[in-house]
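Here's the structure, in structure tokens; my notes come after.
A, B, ... follow the sequence lines: proteins, then strands. Residue 1 opens every chain.
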Amino acid sequence: MSDAPEKETVTPTNFLRQIVEADLTSGKHTTIITRFPPEPNGYLHIGHAKSICLNFGLARDFNGRCHLRFDDTNPAKEDVEFTESIKESVHWLGFDWGEHLYYASNYFEQLYQWAEHLITTGKAYVDDLTAEEIRQHRGTLTEPGTQSPYRNRSAEENLDLFRRMRSGEFADGAKVLRARIDMASPNINLRDPVLYRILHASHPHTGDAWCIYPMYDFAHGQSDAIEGITHSICTLEFEDHRPLYEWLLNNLPVPHQPRQYEFSRLNLSYTVMSKRKLMQLVQDRDVRGWDDPRMPTLVGLRRRGYTPESIRTFCERIGVGRSDSWIDMSILEESVREDLNERAPRAMAVLSPLKLVIENYPAGEDEEFIVANHPQNAEMGTRAVPFSRELWIERDDFMEEPVKGFKRLSPGQEVRLRAAYIIHCTECIKDPAGNVVEVRCTYDPETKSGLPGAERKVKGVIHWVSAPHALDAEIRLYDRLFALPNPSGDDWKQQINPDSVEVLTGCKLEPSLKAAAAEKRFQFERNGYFCVDMKDSTPASPVFNRTVTLRDSWTKR
RNA sequence: UGGGGUGUAGCCAAGCGGUAAGGCAAUGGACUCUGACUCCAUCAUCCCUAGGUUCGAAUCCUAGCACCCCAGCCA
């Protein structure tokens, strides 16, 4: 009956969606097939999430499919450790490749045959030049390259040599197979690119079956062709490779002609995204591992408390384009807040405890308040929160001499204890050094939360935890990993934010948090969103990670 | 000084010759038993610059300028 317009979730368009739409309506394709092709040499990060959401999202929205393909052509750098983690992260993010799990290494035999085909047709040759010599012959950006003296070997000789390369006759680096294209091409990728190199290394997936391995360029397009990929989407730095991608497809009897499209990779402020740098942070112990909650890896974000939904929302919001861009961290942060605000049950936790004593509350007595788990969603239920004469409150919620605009507790002032009573501060007690160690106050029994007539307005509301009932916990406060928006240069590690993690012990939690399961997320009222650490937390000594703070329009001033 | 790209608000990003969507950030206000949430309002006479075509240009043309990528037997 409502006239309210449907709240439709519009997926923002982008040039790739338009291409896919056009290809489908024109009949160029009846279904689309995309792929996400990680190299198993590291953990997935938020930049990969952009690609995953793009590729799997396109397939999902246009009733196609998306393959997960490991681009495992370099056994020197790859490891099974990474393939399991990658699969888990893709699933965690919410995508499923179904039966379509592939490895480029599954195509090694076919690729080899195609290499022989190239040799036979005079379009590839075995080169004996060293890596250094090949580099010198390549020319420069402004000068053409020069031909290798081995460039004009006969097809028969090349075939013989290539077969002997395969059989293991030569040492690493002794020979390579190169495409014969154009040493004078202005596109350096076309100056007789290396197709195969000798690598006497055991492969995580093919074992010792091979001692020659195809280069990326010789594996990727053909793998796309074998799988029937219609739209092969990669990042901008591969744009220069597209002529080579197409040259190979045009010169080989492939079963299908995929098309490559490029988009700009994600840059996120205050963090780093390159695998090399992430690896270095882990190896140098600047962080506690790939899943350190400060890392932009998916395992790190997960441990930090980010939800898969929030990361998908983030990827939708930032869009897909071709211009270099730096996404502000606040977009990622706002994406989790939005998700967690709706889904995280509320609880009270005091991070930096200050004792508060209610002088007119009978000693030794206590009571329970039934508190809603979510202020806007009654379906999330209620919980019992104990109250007593001695409470913990946040140190920051008391100021002996309040600054202008301070709405919390100070001598002579009153404030509401969330879900409980209004209290009036009488005095504070200090240690010999002058530090406030205890706050004294009185309460008004008539103002008990929920009581008729208890809605008297007070300027502030603070959270609290009953001291005798409190649970002790460790809480880890995380902040951005780097102090500068774009950590770069040789001294990029000098730019690590020294306060990127602050470990608080002796924090006080309300007792309902006792049985919280690993990864369970909460909003600690007025403090932020927190989750139970999936590795270090135990029922006896709980550990929480701060995912993100609440927006704060007060301390900002 | 070769080749390939990109330039729309502080950060992203729609726009596809008919008179600048949206999000994040920011600002002001309302509401509030979370200084949260929510809500309302403000935020590009202008689209890298300069010319040109056109009744009309961010969109087309020309010439510049700035920035990014490419010289791994990495991907």
Within the pair [X] and [N], is there a side-chain N or O less than 4.0 Å away from OP1 or OP2?
X	N	value
Lys457(A)	rC33(B)	yes
Arg265(A)	rA75(B)	no
Arg526(A)	rG35(B)	yes
Arg197(A)	rA75(B)	yes
Arg551(A)	rA36(B)	no
Thr73(A)	rA75(B)	yes
Gln18(A)	rG15(B)	yes
Ser264(A)	rU6(B)	no

Same-atom distance ([atom1]) from [N] to [M], integer angstrom:
N	M	atom1	result
rU42(B)	rG23(B)	P	13 Å
rU8(B)	rG3(B)	P	25 Å
rG15(B)	rA20(B)	C1'	8 Å
rU54(B)	rG10(B)	C1'	35 Å
rC16(B)	rA57(B)	C1'	13 Å
rA25(B)	rC39(B)	P	13 Å
rG28(B)	rG51(B)	C1'	43 Å
rU62(B)	rU45(B)	P	29 Å

Could you tell me whether [X] contacts a base, only the sugar-phosphate backbone, or nothing, with contacts defined as non-hydrogen atoms closer than 4.0 Å?
X	value
Ile331(A)	base
Ser323(A)	sugar-phosphate
Leu141(A)	base
Gly145(A)	nothing
Val194(A)	sugar-phosphate
Ile422(A)	nothing
Met348(A)	nothing
Glu342(A)	nothing
His241(A)	base
Asp240(A)	base

Of the candidate nucleotides [options], which contains the atom at the shortest distance from the side chain of [X]?
X	options	result
Trp554(A)	rG35(B), rA75(B), rC12(B)	rG35(B)
Arg317(A)	rU1(B), rC24(B), rC74(B)	rC24(B)
Arg322(A)	rA75(B), rG5(B), rU34(B)	rG5(B)
Ser553(A)	rG4(B), rG23(B), rA36(B)	rA36(B)
Phe406(A)	rG72(B), rG35(B), rC24(B)	rG35(B)
Glu239(A)	rA75(B), rG5(B), rC24(B)	rG5(B)
Pro186(A)	rG3(B), rC33(B), rC24(B)	rG3(B)
Thr13(A)	rG23(B), rA14(B), rG3(B)	rA14(B)

Under 3.5 Å, is there a donor on one side chain and an acceptor on the other for [X] and [Y]?
X	Y	value
Asp224(A)	Gln260(A)	no
Thr235(A)	Glu237(A)	yes
His463(A)	Glu525(A)	no
Glu510(A)	Ser512(A)	yes
Glu143(A)	Thr140(A)	yes
Thr447(A)	Asp444(A)	no

Pairwise 5' ranking along RNA chain B for Gly321(A) and Tyr529(A), keeping only the more 5' one: Gly321(A)

Upstream residue (5' side of RNA chain B) when Arg408(A) and Arg242(A) are each assigned their closest nucleotide: Arg242(A)

Parallel, tilted or perpendicular: ring planes of Trp210(A) versus Phe108(A), cut at 30 and 60 degrees: perpendicular

Aromatic ring pairing His48(A)/His45(A), orientation class (parallel under 30°, perpendicular over 60°, tilted between): tilted

Counting only distance, no hydrogens or angles, is the base of [N] paired donor-acceptor with the side chain of [X] under 3.5 Å?
X	N	value
His137(A)	rA71(B)	no
Ser330(A)	rC24(B)	no
Gln376(A)	rU38(B)	no

For RNA chain B, stems built from three or more consecutive Watson-Crick or G-U wobble pairs below 3.5 Å: B:2-7 with B:65-70, B:10-12 with B:22-24, B:26-30 with B:38-42, B:48-52 with B:60-64

Ring centers of Phe544(A), Phe530(A) separated by less than 6.0 Å: no

By side-chain hydrogen bond (donor to acceptor under 3.5 Å, both in side chains) - contacts of Arg259(A) (at least two apart): none

With sequence neighbours excluded, residues passing side chain to side chain contact (heavy atoms under 4.5 Å, CB included) with Pro375(A): Arg346(A)

